[in-house]
Amino acid sequence: MDLLPLPAHGDTPVRVMTIAGSDSGGAAGLQSDLRTFTLAGVHGTCAVTAVTVQNSLGVSAFHPIPPATVAGQIRAVIGDIGVGAVKTGMLADAGIIAAVADTAAELGIGGRTGEGAAGIPFLVDPVSASHHGDPLLSPEAFALLVGRLFPLATVVTPNLDEVRLLTGIEVVDEATQRDAARALHDMGPCWALVKGGHLRTAATSTDLLYDGTEFLEFEAHRIVTTHDHGAGDTLGAAMVCALAHGTTVPEAVAFGKRWVTRSLDAAYPLGAGHGAVNASWRLREAPPA
Ligand code: PXL
C-alpha cells in the first residue's frame, strides 16, 4: 500500500491530530506533519505546543505555549471534529507534557488500540533535539515524557540519538537494536519502533518494531542526502494517517517507511543549511482506484 484511499469530493475525510511545535523554516514540526496529512488525503488538525525561531541553519529560540492552551486545543478539536489517530512531536516542557498526558487520559487517546479496544491510536515521537542538535526539550521533561506518555502510547518512534538518551544503549548492530527495542517496550508502549537509519549496511535502512513478543523488520534502500530535515516527523505523520484508516501498527510502519523513503528521494535544498524532505512526490501519482 503506497497510497491511502482518498475521500470523494465533499465527503469528510479521516481526521488526525498532531501535537507539535511550529518550525518557521517549514521543513519539520507541525508544518511537515500537516503537509503529509494533506498529501495523504486526511484532514489534519493541530495543537501547537511551541513556536520555534528556525531556519535551515538551526533553532535560535523557542517560545512554549501555555499548557492550558495546548490542552484546550486538543479538547476543542476532539470534542467537535473528532480524530482517528494522534501523534506528538516537540512538546517543549514538563508542563505541556503533563497537560497532554492528562488530556489524553481524559479523552481516551492511547492505551490499547485495535482488536476491540476503544483507544484512539497514539504515536509518541520522543523529540529531544532539532536536526542540528539544538535542544527542544529539557532533560527533566524528557523523563516525564517517558513516565507519563510512554505508558499511553500505541507506538513510540525514537531515532538512534533518542534511543541512547532513553535507554543508555548505543545501537551499533542488529543485537543492540533488539536490546534497545526490548528496553523501550519495557517503558510501557504497546509497540516500540527503533529507527535504524544507516545502521546495518551502507545501502539499506532497517527499522525494528517490537510488541513484547515478536520483532518485525522494515527495510528500505537508504537515500544519501543532507536534505533530510523533517524525515522523522514525516514518517510518524504518515503512520498516523494509516492508523486513522484502521491499519495495524506493522501496516502503518510499512506505509510510513515507504512514504518517507519516497519523500527523501524527492528532498530539496533550502537556504544555506539542511534542506527538507518532500512529500509532494504524492502529487505526481495517480490517485488509488
Ligand atoms: O524533527 C523534529 C522536530 C520537531 N518539531 C520541531 C522541530 C524539529 C526539528 O528541527 O523544529 C518544531
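When a ligand or atom number is given, it counts from 1 through the structure's own listing order.
Side chains of Q31 and S22: a donor on one and an acceptor on the other come within 3.5 Å. Between the side chains of E251 and T248, at least one donor N or O lies within less than 3.5 Å of an accepting N or O. For the residue pair S263 and N278, no side-chain donor N or O sits within less than 3.5 Å of a side-chain acceptor on the partner. Judged by distance alone, the side chains of S32 and D233 never bring a donor and an acceptor atom under 3.5 Å apart.
Around the NE2 atom of H132, the shell of radius 6.0 Å holds more than 12 heavy atoms that belong to other residues, nucleotides or ligands.
Here the shortest heavy-atom distance to atom 2 (C) of ligand 1, taken over V59, T49, T18, D233, belongs to D233.
The protein heavy-atom contact nearest to atom 11 (O) of ligand 1 is Q54 NE2, 2.8 Å. Closest to atom 6 (C) of ligand 1, if we only count protein heavy atoms, is G29 CA, 3.7 Å. Scanning all protein heavy atoms for the shortest distance to atom 10 (O) of ligand 1 gives H229 NE2, 3.0 Å. Counting only heavy atoms of the protein, atom 12 (C) of ligand 1 lies nearest to G21 O, 3.5 Å.
Scanning for side-chain contact (heavy atoms from CB on, under 4.5 Å) contacts around D80 gives an empty result, with sequence neighbours left out.
Only side-chain heavy atoms of L136 come within less than 4.0 Å of ligand 1; its backbone N, CA, C and O stay farther off. Contacts between H132 and ligand 1 below 4.0 angstrom, taking non-hydrogen atoms only, are absent altogether.
Residue S130 approaches ligand 1 through these ligand atoms, each under 4.0 Å from one of its heavy atoms: 9 (C), 10 (O). Of all atoms in ligand 1, listed by their number and element, those nearer than 4.0 Å to a heavy atom of M90 are 5 (N), 12 (C).
The N/O atoms of T52, backbone and side chain alike, include none that comes under 3.5 Å of an N/O atom in ligand 1. Any N or O atom pair closer than 3.5 Å counts here, and D23 shares no such pair with ligand 1.
Under a 4.0 Å N-O distance rule, the pair R262/D265 does not qualify as a salt bridge. Salt-bridge annotation for E162 and K195: absent, with no side-chain N of the basic residue lying under 4.0 Å from a carboxylate O of the acidic one.
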